[in-house]
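Keep in mind that this is a model prediction, so the values were computed, not measured.
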Amino acid sequence: MRRVFLIMMFFVVSLFVGAGISGCKSEDKIDSSVISTGTNVSSEIQNENENMDKKSYAGLEDVFKDTKTITPDGKYMMIVFGANGCPYCEMLKKDIKNTPELKSYIQEHFSAYYVNLSYSKMHDFKVGTKEDPKEVKVSTAQLAQMYDVRPTPTIIFADPNGKTIVNFPGYVPEKQFMAMVEFIGNGEWKKAKDQKEINELLRDFILNQSNQS
C-alpha cells in the first residue's frame, strides 16, 4: 500500500515538473496591468472581509500572519492560497495544526500567509532588496492573478527577497509537505541551476524523505 502511495506521489510531482509550474508568469516582475490604484469595496465591507479572512486560519494565528501586509520580512516566504468549501485546504491546515514538528519548522523558517480567495481585501505587497525595494497595493484577486493561482490550495514558496522558488498547485500529505518546507528552508533548492532542476530536485527530495519512514 505504501509503495502504491509513493508511486502516486511520484506521478503527481512528475506532472508538476512536466507542467513547468514555477511562479509568476511575468518571471517574478510585478505586472502593472493587474495593479489597481484603489478599490470599489466599501470600508465597512472591507473591514468585515478582513475579519472573516482571519477566521480562515483560526487556531493557526501563531503560524500565519495578517495578510494586510505580505512580505518575507527576512525569512523565506510561504503563501497558501485557499478558499471556503475547499476540503484539501482544511486538510492542509489540520496537518500543520496537528504536527508540532511541521508547525515549528514553518514558524522558524518562514513568513507564512494564508490568503482566502473567497474574500476581497487589499494587501500591501512588499518584496525586493534594500537596493531595489518593490511595494504595491493589490487586491486578493490581483494577488492570485500575479501567481496564476488555479486550484486551491496553491502553495507559493519564495526567497527572502520575495522571488518565487516553487509554485505548487494542490495538497500533499503531512510527511511530503514537511519534505517540501525542508527543501526550501534548508536551502536544498540552491543546488539547482535553473527552475527545471529545482522541480526535479524537489521531486527527488520528497521521494527520498518518504522512503526513510
State whether the side chain of [X] and the backbone N or O of [Y] hold a donor-acceptor pair below 3.5 Å, judged by distance alone.
X: E90; Y: Y88; result: no
X: Q209; Y: D204; result: no
X: T152; Y: G82; result: no
X: D132; Y: G128; result: no
X: T140; Y: K121; result: yes
X: S118; Y: N84; result: yes
X: S104; Y: E101; result: yes

Heavy-atom side-chain contact between [X] and [Y] under 4.5 Å:
X: M178; Y: T99; value: no
X: H109; Y: V181; value: no
X: F183; Y: I198; value: yes
X: V149; Y: V115; value: no
X: V80; Y: K93; value: no
X: K103; Y: V63; value: yes
X: L60; Y: Y114; value: no
X: K65; Y: S111; value: yes

At their closest point, which heavy atom of [X] faces which heavy atom of [Y], and how far apart are they?
X: D66; Y: Y113; value: O-CE2, 3.7 Å
X: L117; Y: F81; value: CD2-CD2, 3.6 Å
X: M180; Y: I206; value: CG-CD1, 3.6 Å
X: P72; Y: P160; value: CB-O, 3.3 Å
X: G59; Y: D62; value: O-OD1, 4.0 Å
X: Y76; Y: D159; value: CD2-CA, 3.7 Å

TODO: Decide yes or no on salt bridge (charged side-chain N to carboxylate O under 4.0 Å, His left out) for D73 and K75, but give the supporting numbers first.
DONE: CA-CA 6 Å; D73 197 25; K75 295 183 177 183; over 6 Å; no
TODO: With rounding to the nearest 0.5 Å, note down the distance linking CG in D53 to OH in Y119.
DONE: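 So the gap between those two atoms works out to 8.0 Å.
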Open item on the list: As an exercise, state the distance from OG1 of T154 to OH of Y147, rounded to the nearest 0.5 Å.
Closed with: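 Reported value, rounded in 0.5 Å steps: 12.0 Å.
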Open item on the list: Run R203 and E200 through salt bridge (charged side-chain N to carboxylate O under 4.0 Å, His left out) and show every step you take.
Closed with: CA-CA 5 Å; R203 177 196 62 197; E200 291 172 349; 5.5 Å; no
Task: Identified side chain to side chain contact (heavy atoms under 4.5 Å, CB included) partner of L201 from the options K191, K190, E188 - done: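 Result: among K191, K190, E188, K191 is the only option passing the side chain to side chain contact (heavy atoms under 4.5 Å, CB included) with L201.
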Open item on the list: Are there over 12 heavy-atom neighbours, none belonging to Y105, within less than 6.0 Å of that residue's OH?
Closed with: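 More than 12 within 6.0 Å, yes.
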